[in-house]
**Student:** 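What follows is a structure written as structure tokens; I'll ask about it next.
Lettering of chains follows the sequences in order, A, B, ..., and the numbering in each one begins at 1.
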There are 2 protein chains.
Amino acid sequence: MSLKHAILILLENEPGSGYDLFKRFKTSLGYFWNAKHQQVYLELKKLSEAGWLEFEQQSQDERPDKKVYRVTTAGHRELQDWLKTPCKPNKINDTLLVKLFGGRFTEPESLVAEMKRHRATHTTTLSQLRAIEQTYLNLPADQQAHYRLPYLTLRRGILGEEAWLAWADEVDSALATPPLP
Amino acid sequence: MSLKHAILILLENEPGSGYDLFKRFKTSLGYFWNAKHQQVYLELKKLSEAGWLEFEQQSQDERPDKKVYRVTTAGHRELQDWLKTPCKPNKINDTLLVKLFGGRFTEPESLVAEMKRHRATHTTTLSQLRAIEQTYLNLPADQQAHYRLPYLTLRRGILGEEAWLAWADEVDSALATPPLP
DNA sequence: TGACCCATGTAAGGGGTTACATGATTTG
DNA sequence: CAAATCATGTAACCCCTTACATGGGTCA
């Protein structure tokens with residue numbers, strides 16, 4: 001599982017608390033790796049026990065105390081090993097496609113409505129990703145060079161969402177056409 | 001979770017054994033919903049206990065006995081309810097993207113090699129899907145009408161894989177270009 | 001003879017979700 | 001005044017994966 005390694009990567013970029021990580025998941029990595037806060041905290045505990053992370057308790061005025069985690073040398077080594085190890089192709093488990101596959105057992109209207117809902121989320125995701133892309137493209141060349149690999153993951157998101165929407169067009173026009181005259 | 005409902009759909013199409021279902025997962029539904037045989041058997045047990053399936057023991061000569069499952073009226077009702085209930089957008093957890101995101105902690109060669117491996121699987125998947133599409137397109141019109149919804153899921157697979165490969169081209173050319181002169 | 005197909009399971013463990021729990025401060 | 005943000009966790013549960021287990025038939 002790569003939640004462990006996603007956390008290692010985020011903390012290599014910059015040390016932070018569980019809450020920090022949770023926020024970073026929501027903005028950057030979250031587009032291709034989900035994590036609830038509960039799981040992040042749990043994983044931080046495990047990674048500390050494994051010796052891949054260490055933390056420092058910081059007391060703050062006007063804010064709750066927090067633990068700031070950073071990657072140890074053992075953690076760094078683990079990350080590098082993982083990066084060199086081939087990973088399995090992703091399995092896709094897509095509920096919407098299961099629904100469509102069995103769509104003949106319900107009214108087309110339900111399917112159309114469902115597609116509409118999903119299209120809405122994909123459209124907003126795409127525009128968010130495009131906005132991020134714009135800020136990247138406006139960076140000076142050296143900054144762009146630094147973020148070129150994360151940028152490739154962003155491109156995956158954009159191309160993926162565009163493909164999804166192109167497919168949705170096919171689906172909608174198919175659903176608009178009655179089966180047989 | 002929709003493994004339950006995937007099984008209901010497959011068994012509505014045609015009753016069968018756990019082993020049958022496992023095979024059908026590998027060929028049709030498997031492109032967007034994975035299932036190991038262990039889980040299929042487990043789920044069949046649960047669905048029977050819930051009263052959504054019933055089964056009949058069939059003894060065969062020259063072959064092990066098998067249980068042939070079919071959907072009950074309660075199961076049919078459940079499926080219809082599920083089809084009408086909105087489902088959440090899919091979460092994507094993509095290990096390869098995590099790797100790429102943290103790629104600056106390893107050599108570009110590792111990334112290139114990883115991309116090559118993944119490209120291979122996506123290429124074969126795409127050609128398989130295209131082959132299935134061809135057989136669909138060669139069906140008589142009434143048969144095409146019958147399978148039009150599963151066909152849409154196939155289209156999702158094809159557009160998805162094409163998009164993945166287009167992205168892989170971007171990645172490869174980016175990785176071939178050295179960061180800064 | 002070794003691999004693959006048919007056919008069905010149990011058991012342990014890992015990973016993720018949902019619910020529950022607390023409590024101060026800031027913003028609309 | 002309500003909602004969101006900061007901050008951290010526990011516990012129950014569900015789903016999935018991996019490993020283990022069995023055993024006959026077919027095909028190269």
**Student:** Just to confirm, is there a sub-4.0 Å distance from OP1 or OP2 of D/dG9 to any side-chain nitrogen or oxygen of A/Lys66?
**Tutor:** no

**Student:** Would you mind telling me which of D/dT8, C/dT8, D/dT10 lies closest to the side-chain atoms of A/Tyr41?
**Tutor:** D/dT8

**Student:** According to a strict under-4.0 Å criterion, is B/Lys26 in side-chain N/O contact with OP1 or OP2 of C/dC5?
**Tutor:** no

**Student:** Taking the side chain of A/Tyr19 as its heavy atoms from C-beta onward, which of D/dG9, D/dT5, C/dT8 lies nearest to it?
**Tutor:** D/dT5

**Student:** For B/Thr106, does its backbone N or O pair with a side-chain atom of B/Ser110 as donor and acceptor, under 3.5 Å?
**Tutor:** no

**Student:** Students often get this wrong, so: under 4.0 angstrom with heavy atoms, is B/Asn34 touching a base, only sugar-phosphate, or nothing?
**Tutor:** nothing

**Student:** Look at the side chain of B/Lys67 and decide which nucleotide, out of C/dG9, C/dT17, C/dG15, has an atom nearest to it.
**Tutor:** C/dG9

**Student:** Quick test of your reading of the model: are A/Asp172 and A/Arg119 salt-bridged, counting only N-O distances below 4.0 Å?
**Tutor:** yes

**Student:** Please confirm whether the backbone N or O of B/Trp52 pairs with a side-chain atom of B/Thr72, one donor and one acceptor, at under 3.5 Å?
**Tutor:** yes

**Student:** Expressed in angstrom and rounded to an integer, what is the separation of A/Glu43 atom CD from C/dG16 atom C1'?
**Tutor:** 10 Å

**Student:** Counting side-chain heavy atoms from C-beta on, which of D/dT17, C/dG9, D/dG9 comes nearest to A/Lys91?
**Tutor:** D/dT17

**Student:** Which whole-number value in Å describes the distance from A/Leu42 CG to C/dG15 P?
**Tutor:** 10 Å

**Student:** For A/Lys45 and D/dT10, is the shortest distance between a side-chain N/O and OP1 or OP2 below 4.0 Å?
**Tutor:** yes

**Student:** Select one nucleotide: of C/dG9, D/dC16, C/dG15, the one nearest the side-chain heavy atoms of A/Lys46.
**Tutor:** C/dG15

**Student:** Choose from D/dT18, C/dT17, D/dC16 the nucleotide whose nearest atom is closest to any side-chain atom of A/Asn93.
**Tutor:** D/dC16

**Student:** Please tell me if A/Ser17 has a side-chain N or O lying less than 4.0 Å from either OP1 or OP2 of D/dT8.
**Tutor:** yes

**Student:** Would the distance check show the side chain of A/Arg130 and the main-chain N or O of A/Ile158 forming a donor-acceptor pair, the cut-off being under 3.5 Å?
**Tutor:** no

**Student:** For B/Phe22 and C/dC5, what is the distance between atoms CZ and C1' respectively, to the nearest whole Å?
**Tutor:** 11 Å

**Student:** Would you indicate which nucleotide in C/dT8, C/dG16, C/dA21 comes nearest to any side-chain atom of B/His37?
**Tutor:** C/dT8

**Student:** Can you see if the side chain of A/Lys23 gets near the phosphate of D/dA7 - specifically, an N or O under 4.0 Å from OP1 or OP2?
**Tutor:** no

